[in-house]
Amino acid sequence: MTDLSEFEKGMIVGMRSAGCSVTETAIYLRRARSTVSAVMTAYKKCGNVTSGKHSSGRKRKLTDSVARGVEHTDSEPHNSSNKSSGRMNRRSPYSKPPDAFM
């Protein structure tokens with residue numbers, strides 16, 4: 001069933017819905033009767049005939065919300081007047097003033 005195009009799967013569902021038998025559909029599309037039956041079983045069970053392999057492969061390391069945050073952070077301008085760099089250069093309230101070291 002995996003070598004069928006979406007069009008062929010739709011043709012199978014359409015022909016069967018129009019009243020053609022499994023054998024007639026298989027002969028017309030030059031496919032095995034078992035393939036026609038498998039497509040119709042998947043259609044009746046799930047309501048669609050698209051393949052479920054779209055989510056195969058390696059899983060994403062970042063969720064969509066985290067990825068958006070990374071994109072947003074990367075899009076900020078990189079200059080010395082950035083607010084975060086100003087916070088890092090600020091002295092702690094517990095440190096001694098600079099003139100106390102002289």
Side-chain angles (χ1 to χ4, degrees):
M1 188 168 95
T2 58
D3 63 334
L4 292 175
S5 68
E6 297 300 318
F7 179 78
E8 288 177 312
K9 292 175 186 178
M11 285 288 293
I12 290 171
V13 172
M15 288 181 72
R16 293 288 292 135
S17 297
C20 294
S21 69
V22 173
T23 304
E24 289 171 337
T25 304
I27 291 170
Y28 182 79
L29 296 174
R30 296 182 180 163
R31 298 291 177 182
R33 289 177 53 225
S34 61
T35 302
V36 173
S37 296
V39 169
M40 287 307 296
T41 301
Y43 177 71
K44 288 177 184 176
K45 183 177 179 182
C46 302
N48 60 15
V49 289
T50 59
S51 63
K53 292 190 175 189
H54 58 81
S55 63
S56 64
R58 183 177 176 147
K59 303 297 180 206
R60 292 177 56 115
K61 288 188 176 184
L62 299 177
T63 61
D64 289 336
S65 61
V66 172
R68 281 193 301 272
V70 170
E71 290 171 8
H72 178 70
T73 303
D74 288 345
S75 65
E76 291 179 0
H78 299 288
N79 57 18
S80 61
S81 65
N82 195 353
K83 291 181 180 179
S84 63
S85 65
R87 276 187 245 129
M88 296 193 55
N89 292 334
R90 212 177 294 151
R91 282 195 309 266
S92 167
Y94 304 108
S95 65
K96 296 181 181 179
D99 58 348
F101 294 109
M102 291 185 190

Can you pull the salt bridge (charged side-chain N to carboxylate O under 4.0 Å, His left out) pairs that have at least one residue in residues 27-46, sequence neighbours excluded? Asp3-Arg31, Glu8-Arg31

Membership question, hydrophobic clusters at under 4.5 Å side-chain separation (ILVMFWY): are Met40 and Phe7 in the same one? yes

Counting only pairs under 3.5 Å, give me each side-chain donor-acceptor contact of residues 11-22, with atom names and distances, residues two or more places apart or in other chains.
unit_1 : atom_1 : unit_2 : atom_2 : d
Arg16  : NH1    : Cys20  : O      : 2.6
Ser17  : OG     : Val13  : O      : 2.8
Ser21  : OG     : Glu24  : N      : 3.1

Are Val36 and Tyr28 connected into the same hydrophobic cluster when the rule is that any two of I, L, V, M, F, W, Y join if their side-chain heavy atoms are below 4.5 Å apart? yes

For Thr25, run the side chain to side chain contact (heavy atoms under 4.5 Å, CB included) check against Thr23, Ile27, Leu29 and tell me which one passes. Leu29

